[in-house]
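This structure is a prediction, so every number in the text was calculated from the model and none was measured. Heavy atoms only: backbone and side chains are in, while hydrogens, waters and symmetry mates are out.
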Amino acid sequence: MKKLINILLIIIFITLPKTIKAKTIEYLVVKTKGSVLILPPKSKNWIVPHKWMELKLKTKIKTLNNSYIDILINRKALVRIKDNSEISIISITKKIEKLIKQNTYLKKNKKTGTVIKMFKGKAFFVIDPQYPQLPFIVETPIGIAGVAGTKFIVDLSKKGECFVAVWRGAVVFYNINFPKHFVLIEAGKYSLIKKKRIPHKPKPLNNIIKQRYKEIEKLHLTHFIIDTIKEEPGSKYKGNFTRGYSPTIITTPATNINNDMTKMIDMQNNNMDKKDMQTKPDMTNQTENKSLMNKQKDSCR
């Protein structure tokens, strides 16, 4: 009996790391612009990130003037951290877990989840409804936004204020000091929290707000991110990923690209043939003209 128990314990310990590994979240840098710095966990030195770099949990990210960084999370969520911002990638804390349990919109997801902690600045979020690690939580010093698949922005640019606007889906929004007094911000609306106050009733997005954050409309997650995974040549990321993926440019899978290229070549060849036909002398007409000229000469004689 003891031997059987020992064997079972060994099996559990062998399989446990695999189970943990399967639940880990993948954070990939897919684009950077300007001056961006990251501080890896247990490090004192800020470094410059590169494309396809994998970020670890507890990594801090800082963007300077006229800069931004795009981070892809589990290939199903995209975060653009705008200039003069600072965030950290963290796990769900007991405090956040308690807040999730209290909220009827997020309770069903239990302990699973993704947390982005914002200290300052602003960030744009695009999250697929099928994102595997829901809820997606954005924690700030003022308010917390809980998501279950959406497109939205969080702005901490003004001191003592947290602004959230939603373009798609819905976001649960509340002051960290008053978790029971939350609002549900639906698509096309926004809400604001000022320090020590509950969020105001969501209002429709006006043209000024839409213009200010119009960049969010360009960000996307393509449907073939997983379907056409190929290693990008020259990339420092050593895993497999969609060739040429861009958060702002909608491309097509490699197979479609090859087909399109073939079509383009065929079209070019056809056009060249037409041009040749137009510019090429008509030998038949020239021969007929010569015979007519000869006949005219003979008649004159």
Side-chain angles (χ1 to χ4, degrees), residues 58 60-63 71 73 77-109 111-127 131 133-206 208-210 212-213 215-216 219:
K58 297 183 180 179
K60 288 185 178 180
I61 302 160
K62 185 190 292 183
T63 57
I71 300 170
I73 307 174
L78 178 69
V79 182
R80 171 165 287 186
I81 300 138
K82 292 294 292 177
D83 52 345
N84 300 311
S85 301
E86 190 171 338
I87 74 154
S88 181
I89 301 167
I90 65 171
S91 56
I92 288 183
T93 60
K94 288 183 178 180
K95 183 181 178 180
I96 295 174
E97 188 182 329
K98 187 178 179 181
L99 291 172
I100 292 170
K101 286 180 179 179
Q102 290 175 353
N103 196 287
T104 54
Y105 291 96
L106 304 173
K107 189 177 179 180
K108 61 181 179 180
N109 295 290
K111 293 183 179 181
T112 63
T114 306
V115 184
I116 299 293
K117 188 169 185 177
M118 286 184 64
F119 301 99
K120 65 174 185 177
K122 56 188 171 187
F124 299 167
F125 300 85
V126 181
I127 301 161
Y131 180 74
Q133 296 290 342
L134 290 174
F136 194 105
I137 307 294
V138 182
E139 182 187 6
T140 78
I142 302 166
I144 291 178
V147 191
T150 187
K151 181 183 279 193
F152 69 107
I153 65 101
V154 177
D155 195 338
L156 295 170
S157 300
K158 289 186 179 180
K159 191 176 180 181
E161 289 185 6
C162 182
F163 176 86
V164 174
V166 180
W167 268 254
R168 186 182 69 211
V171 172
V172 179
F173 189 41
Y174 44 87
N175 190 315
I176 56 173
N177 298 308
F178 309 104
K180 291 182 180 180
H181 299 279
F182 69 88
V183 295
L184 183 68
I185 312 173
E186 296 176 323
K189 294 185 178 181
Y190 74 94
S191 182
L192 176 71
I193 291 178
K194 291 189 177 181
K195 207 168 185 179
K196 297 181 181 179
R197 292 185 184 181
I198 62 173
H200 70 55
K201 186 179 178 180
K203 298 178 182 179
L205 294 170
N206 55 44
I208 296 171
I209 294 171
K210 287 179 181 178
R212 187 184 303 159
Y213 303 105
E215 191 178 343
I216 185 72
L219 298 179

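Contacts of Phe152 classified as ring pair (Phe, Tyr, Trp, His ring centres under 6.0 Å), with partners at least two apart in sequence or in another chain: Phe125. When the side-chain hydrogen bond (donor to acceptor under 3.5 Å, both in side chains) test is applied to Ser157, the partners found at least two apart in sequence or on another chain are Asp155. Taking Lys189 as the reference, nothing meets the side-chain hydrogen bond (donor to acceptor under 3.5 Å, both in side chains) condition, with sequence neighbours excluded. Partners of Lys203 under the side-chain contact (heavy atoms from CB on, under 4.5 Å) rule, at least two apart in sequence or in another chain, are Tyr190, His200.
Distance check: Ile87 CD1 to Glu139 CD gives 12.0 Å after rounding to the nearest 0.5 Å. Put simply, OG on Ser191 and CD1 on Ile198 are 9.5 Å apart, with the number rounded to the nearest 0.5 Å. In this structure, the separation between OG on Ser85 and NZ on Lys62 is 12.0 Å, given to the nearest 0.5 Å. Put simply, CD1 on Ile137 and OG1 on Thr93 are 10.0 Å apart, with the number rounded to the nearest 0.5 Å. For the atom pair CD (Glu161) and CG (Leu156), the distance works out to 10.0 Å, reported to the nearest 0.5 Å.
The shortest side-chain heavy-atom distance between Leu219 and Leu78 falls under the 4.5 Å cut-off. Side-chain contact between Thr140 and Ile193: absent, with no pair of heavy atoms (C-beta onward) separated by less than 4.5 Å.
When all heavy atoms are compared, the tightest approach of Gly169 to Val166 is O-CG1, 3.8 Å. Heavy atoms only, all atoms of each residue included: Ala77 and Ile127 are closest at CB-CG1, 4.1 Å.
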Under 3.5 Å, side-chain donor or acceptor atoms of residues 175-188 against the rest of the protein: list the pairs with distances, not counting sequence neighbours.
residue, atom, partner, partner atom, Å
Asn175, OD1, Asn177, N, 2.9
Asn175, OD1, Asn177, ND2, 3.4
Asn175, ND2, Arg197, O, 2.6

I'd like a table of donor-acceptor pairs (distance under 3.5 Å, sequence neighbours excluded) in which one partner is a side-chain atom from residues 113-121, with atom names and distances.
residue, atom, partner, partner atom, Å
Thr114, OG1, Tyr131, OH, 2.7
Thr114, OG1, Gln133, O, 3.1

Point to revise | side chain to side chain contact (heavy atoms under 4.5 Å, CB included) between Phe163 and Ile209, intermediate numbers included | key: CA-CA 11 Å; Phe163 176 86; Ile209 294 171; 4.0 Å; yes
Point to revise | side chain to side chain contact (heavy atoms under 4.5 Å, CB included) evaluation trace for Cys162 with Phe173 | key: CA-CA 10 Å; Cys162 182; Phe173 189 41; 3.9 Å; yes
Check your understanding: Yes or no on side chain to side chain contact (heavy atoms under 4.5 Å, CB included) for Glu215 and Arg80, after CA distance, side-chain angles and deciding distance?
Key -> CA-CA 10 Å; Glu215 191 178 343; Arg80 171 165 287 186; 2.6 Å; yes
Point to revise | Criterion side chain to side chain contact (heavy atoms under 4.5 Å, CB included) on Thr63 and Lys82, from CA distance to verdict | key: CA-CA 7 Å; Thr63 57; Lys82 292 294 292 177; 5.9 Å; no
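Just one of Ile216, Val154, Ile81 meets the side chain to side chain contact (heavy atoms under 4.5 Å, CB included) condition when paired with Phe124; it is Ile216.
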